[in-house]
Amino acid sequence: MGELNIVVPIKQVPDVSELRLDPVTHALIREGVPSVLNPYDRYAMEAAIRLKEQFGGRITAITMGPMQAKKALQECMALGADEAVILSDRAFAAADTWATAYTLSVYIKTIPYDFVFTGLKAIDGETGQVGPELAEFLGIPHITYVRKIEVDQSSRSVRVERQLENGYDVWEAPYPILMSIAREYGEPRLPTLQGYIEAKRKQVKVVTAADLQKMGGDPKYFGLKGSPTFIPKVHPPPARPPGTVWEGDPKEAVRRLVEALSEKGLV
Amino acid sequence: MASQQPRFGVVTDPEILKRLAEYRGVWVYAEVDDNQLTNVSLELLAAARYVAQKTKEDVSAVLVGYGIERFARDLIVHGADRVYLIQDEKLKLYVSDAYTEAVSQLVLAKKPSIFLFGANRNARDLASRVAGRVNTGLAADCIQLEVNENGQLEQIRPDFGGKELSVVLTPKHRPQLTTIRPGSYKPLPADYNRSGIVESFEPRLAEQHSRIKVIKSVRERLDPKEDLEKAKVIVAGGMGLRNKDNFKLLHQLAELFEGGAVAGTRSVCEKGWLPHHLQVGQSGKTVSPKLYFAVGLSGAIQHLVGMQNSEVIVAINIDKEAPIFKVCTYGIVGDLFEVVPLLIDEIKRVRIERTLTKESVKAESAGER
């Protein structure tokens with residue numbers, strides 16, 4: 001029974017709870033918002049750590065982003081990742097999910113892996129698309145919304161439960177495989193101080209566009225120019241016309257409300 | 001996210017334009033789950049008809065499974081001009097690899113311009129992998145579709161939990177793939193005079209296309225009173241309710257309406273005061289009932305994005321600064337424990353009065369005879 005190689009692609013995201021709207025323009029204020037490890041990615045790290053605890057192995061955390069995203073990788077190393085890789089280059093900027101998945105796949109193809117674990121989605125873009133797209137580029141099957149994993153090393157297969165809106169599925173598949181890990185998998189652990197001290201001794205490997213090209217990556221699929229989707233405009237959500245609000249005597253307010261609803265044929 | 005340089009969105013290269021022009025038609029993915037068509041499948045047809053009327057194309061539904069021909073008629077009466085029927089024993093239950101291959105083969109053969117999927121878990125899983133297989137763009141979780149002056153699909157989606165809206169284009173790739181949040185569109189009324197074509201498509205599914213096996217599929221059917229996407233009236237509660245028991249009050253209000261349901265905010269569901277399937281908002285359901293009561297909830301943006309398409313919104317909150325009052329149609333600033341019982345009584349009183357008036361009118365007209 002060999003050890004397992006597990007890759008965990010993660011993302012550094014703005015802390016959504018700190019995002020505010022400009023009171024005048026209603027545009028999102030991005031400056032000065034702290035960045036954090038995408039909360040959904042903690043579940044992917046948790047699944048990786050549990051498998052490593054059970055079977056032994058190596059965890060590689062990987063991200064694509066500006067150099068400041070190293071901080072999120074350090075957190076993964078403090079949690080138990082053995083290696084960390086950042087794909088960082090201006091050529092990767094403004095990639096959509098397709099181009100992000102392609103770029104990640106170029107590097108991941110060069111390392112051994114049995115499992116790729118992702119979060120369900122990132123809290124900024126909230127697409128949940130990078131996982132399945134990455135699996136496609138790697139040429140491996142994928143299973144989303146995983147809440148339970150049983151590994152059978154003798155047949156190199158997994159039996160997993162997937163959490164759906166109205167129930168669950170049990171699927172069996174061979175690995176290597178990519179899975180996105182649901183909240184129902186279990187509470188992710190927090191990094192310890194000892195973990196952070198050990199993480200300090202580890203290096204984050206930096207990979208540039210030129211490096212990926214040597215690995216067989218095609219630069220026309222990197223970043224904005226490699227992205228099939230394009231966002232020409234972003235605007236604040238439309239405001240509804242102002243409503244009628246009653247204060248004061250609740251009896252009178254209720255009478256007027258029911259009168260208004262009656263006129264619309266709603267009561 | 002991409003920078004804001006519109007020049008990238010306009011395609012002028014004649015070679016590319018020629019290639020794009022080969023793709024025609026608006027498609028929707030008709031999903032069968034638990035032996036029934038999902039609600040969102042019919043909603044997608046409404047979205048597709050809206051788009052198709054602008055692009056002057058027809059609408060096709062892609063129906064995948066085994067022993068599912070009976071659903072083709074439902075799709076036609078709700079707006080499909082054509083149904084592609086993909087049946088294979090390997091497709092009996094949803095599974096990511098075989099479904100991706102079957103649907104992608106149809107896409108590559110027929111070349112649609114636009115392909116809409118529900119943003120529910122299985123359909124977005126499929127859409128993501130199809131986007132990878134056929135190498136095209138996919139916009140996630142859209143709430144609205146428009147067509148711009150260049151004939152491109154504008155896919156409008158909330159970002160950062162609804163704090164801003166992005167318009168996503170797929171300028172140089174086809175089909176333009178989109179997932180649409182359930183509840184964003186209302187199904188068109190069934191028109192039994194509509195006719196359409198049913199066309200079978202046989203995918204070639206090799207061993208490598210079905211490596212994943214479905215061992216078990218467990219589904220729970222929703223009580224109609226808990227099906228928020230179909231509810232006509234929703235009474236939603238927030239932390240102002242203070243405890244689980246007080247939700248009885250909201251149930252009393254909801255029961256006054258046919259098709260009335262109770263729902264809650266994320267905090268309420270995380271506290272366990274309501275089950276998670278009754279959560280409205282960014283990480284829960286998107287709903288658009290005729291009437292939405294927002295009771296004791298402040299109206300965090302993550303909640304608003306899930307209910308702001310409701311026709312009439314009534315807010316009841318003790319805090320007059322609560323953001324919910326900015327989006328409501330009608331609002332009452334007051335203690336919900338005082339206001340809601342008064343509201344229940346007033347609705348009952350008005351209804352009795354209305355019945356009595358009708359009866360007295362009847363009695364009078366009977367007397368005249």
Side-chain angles (χ1 to χ4, degrees), chain A residues 16 19 21 27-28 94 96-98 101 124-129 131-133 135-137 141-145 159 164-174 224 227-237 240 243-247 250-251 253-255 257-258 260-262 264 266-267, chain B residues 1-4 6 8-9 34 96-97 120-122 124-125 128-129 131-133 136-141 160-171 173 211-220 290-291 312 314 320 325 327-334 338-339 342-343 346-347 350:
Chain A
V16 169
L19 281 170
L21 297 179
L28 207 55
D96 73 356
T97 63
W98 188 96
D124 53 354
E126 299 212 274
T127 70
Q129 292 168 190
E133 288 175 328
E136 176 65 22
F137 295 133
H142 82 269
I143 306 180
T144 44
Y145 314 108
R159 177 182 278 236
L164 298 169
E165 295 95 339
N166 57 341
Y168 69 97
D169 283 345
V170 182
W171 287 3
E172 239 174 49
L224 179 61
S227 297
T229 64
F230 170 71
I231 299 178
K233 49 189 170 185
V234 171
H235 49 76
R240 284 174 78 104
T244 313
V245 178
W246 296 283
E247 287 180 68
K251 260 195 162 151
V254 163
R255 195 188 62 75
L257 170 63
V258 175
L261 294 177
S262 301
K264 291 195 177 289
L266 289 167
V267 295
Chain B
M1 292 283 111
S3 64
Q4 302 190 21
F8 284 107
D34 198 13
S96 53
D97 58 356
N120 52 309
R121 289 192 162 192
N122 278 343
R124 65 192 295 161
D125 177 78
S128 306
R129 187 91 195 214
R133 179 86 29 107
T136 191
L138 170 58
D141 252 333
F160 295 105
K163 287 190 170 71
E164 65 182 20
L165 292 177
S166 296
V167 177
V168 183
L169 298 180
T170 307
H173 296 71
R211 287 178 287 188
I212 304 174
K213 304 278 175 263
V214 181
I215 306 300
K216 202 157 77 167
S217 170
V218 180
R219 296 289 184 271
E220 296 143 14
K290 280 185 178 310
L291 179 56
V312 171
V314 175
K320 71 185 233 189
F325 287 120
V327 301
C328 71
T329 326
Y330 304 111
I332 295 180
V333 179
E338 193 179 352
V339 174
L342 284 171
L343 179 59
E346 178 68 7
I347 292 171
V350 166

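Here is how names work: the chains are called A, B, and so on, in the same order as the sequence lines, proteins then strands, and each is numbered from 1.
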[X] side chain to [Y] backbone, donor-acceptor under 3.5 Å:
{"X": "E165(A)", "Y": "N120(B)", "value": "no"}
{"X": "S96(B)", "Y": "H142(A)", "value": "yes"}
{"X": "R124(B)", "Y": "Q129(A)", "value": "no"}

Exercise. Checking side chain to side chain contact (heavy atoms under 4.5 Å, CB included) for the pair V167(B)/H235(A): CA distance, chi angles, key distance, verdict?
Worked result: CA-CA 8 Å; V167(B) 177; H235(A) 49 76; 3.9 Å; yes
Exercise. Quick one: do K213(B) and E172(A) make a salt bridge, cutoff under 4.0 Å?
Worked result: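 Result for this pair is no, no salt bridge flagged.
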Problem set entry | Most chain A-contacting option - heavy-atom pairs closer than 4.5 Å, from T329(B), D141(B), I347(B) |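 Ranked by contacts with chain A, first place is T329(B).
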Seminar exercise, completed: Most contact-rich option vs chain A, by heavy-atom pairs under 4.5 angstrom, among V339(B), N122(B), V312(B), is N122(B)
Taking side chain as everything from C-beta outward and backbone as N, CA, C, O, which of these in [X] sits under 4.5 Å from a heavy atom of chain A? Side chain, backbone, both or neither.
{"X": "E220(B)", "answer": "both"}
{"X": "V350(B)", "answer": "side chain"}
{"X": "T136(B)", "answer": "backbone"}
{"X": "A131(B)", "answer": "both"}

Write down the atom of [X], the atom of [Y], and the distance for their closest heavy-atom approach.
{"X": "G128(A)", "Y": "S128(B)", "result": "O-OG, 4.2 Å"}
{"X": "E346(B)", "Y": "R255(A)", "result": "OE2-CG, 3.7 Å"}
{"X": "A135(A)", "Y": "R129(B)", "result": "CB-NH1, 3.4 Å"}
{"X": "V254(A)", "Y": "L343(B)", "result": "CG1-CA, 3.6 Å"}
{"X": "T229(A)", "Y": "L138(B)", "result": "CG2-N, 3.6 Å"}

Problem set entry | Contact origin within W98(A) toward chain B - heavy atom pairs under 4.5 Å | side chain
Problem set entry | Y168(A) versus chain B, the contacting section by heavy-atom distance below 4.5 Å |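 For Y168(A), heavy atoms of backbone and side chain both lie under 4.5 Å from chain B.
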Exercise. Rounded to the nearest 0.5 Å, how far apart are NZ of K264(A) and OH of Y330(B)?
Worked result: 3.5 Å
Exercise. Quick one: CZ on F230(A) to OG on S166(B), what's the gap to the nearest 0.5 Å?
Worked result: 11.5 Å
For this session: Please test L164(A) against R219(B) for side chain to side chain contact (heavy atoms under 4.5 Å, CB included), starting from the C-alpha separation and ending with a verdict.
Result: CA-CA 9 Å; L164(A) 298 169; R219(B) 296 289 184 271; 3.2 Å; yes
For this session: Carefully, step by step, assess V314(B) and L261(A) under the rule side chain to side chain contact (heavy atoms under 4.5 Å, CB included).
Result: CA-CA 10 Å; V314(B) 175; L261(A) 294 177; 4.1 Å; yes
Exercise. Can you list the steps and then say if L266(A) with K290(B) is a side chain to side chain contact (heavy atoms under 4.5 Å, CB included)?
Worked result: CA-CA 8 Å; L266(A) 289 167; K290(B) 280 185 178 310; 4.2 Å; yes
Seminar exercise, completed: If you tally heavy-atom pairs under 4.5 Å between each of A173(A), S262(A), A253(A), P250(A) and chain B, the highest tally belongs to P250(A)
Exercise. For chain B, which of I143(A), T144(A), D169(A) has the most heavy-atom pairs under 4.5 Å?
Worked result: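 Looking at each option in turn, the highest pair count goes to D169(A).
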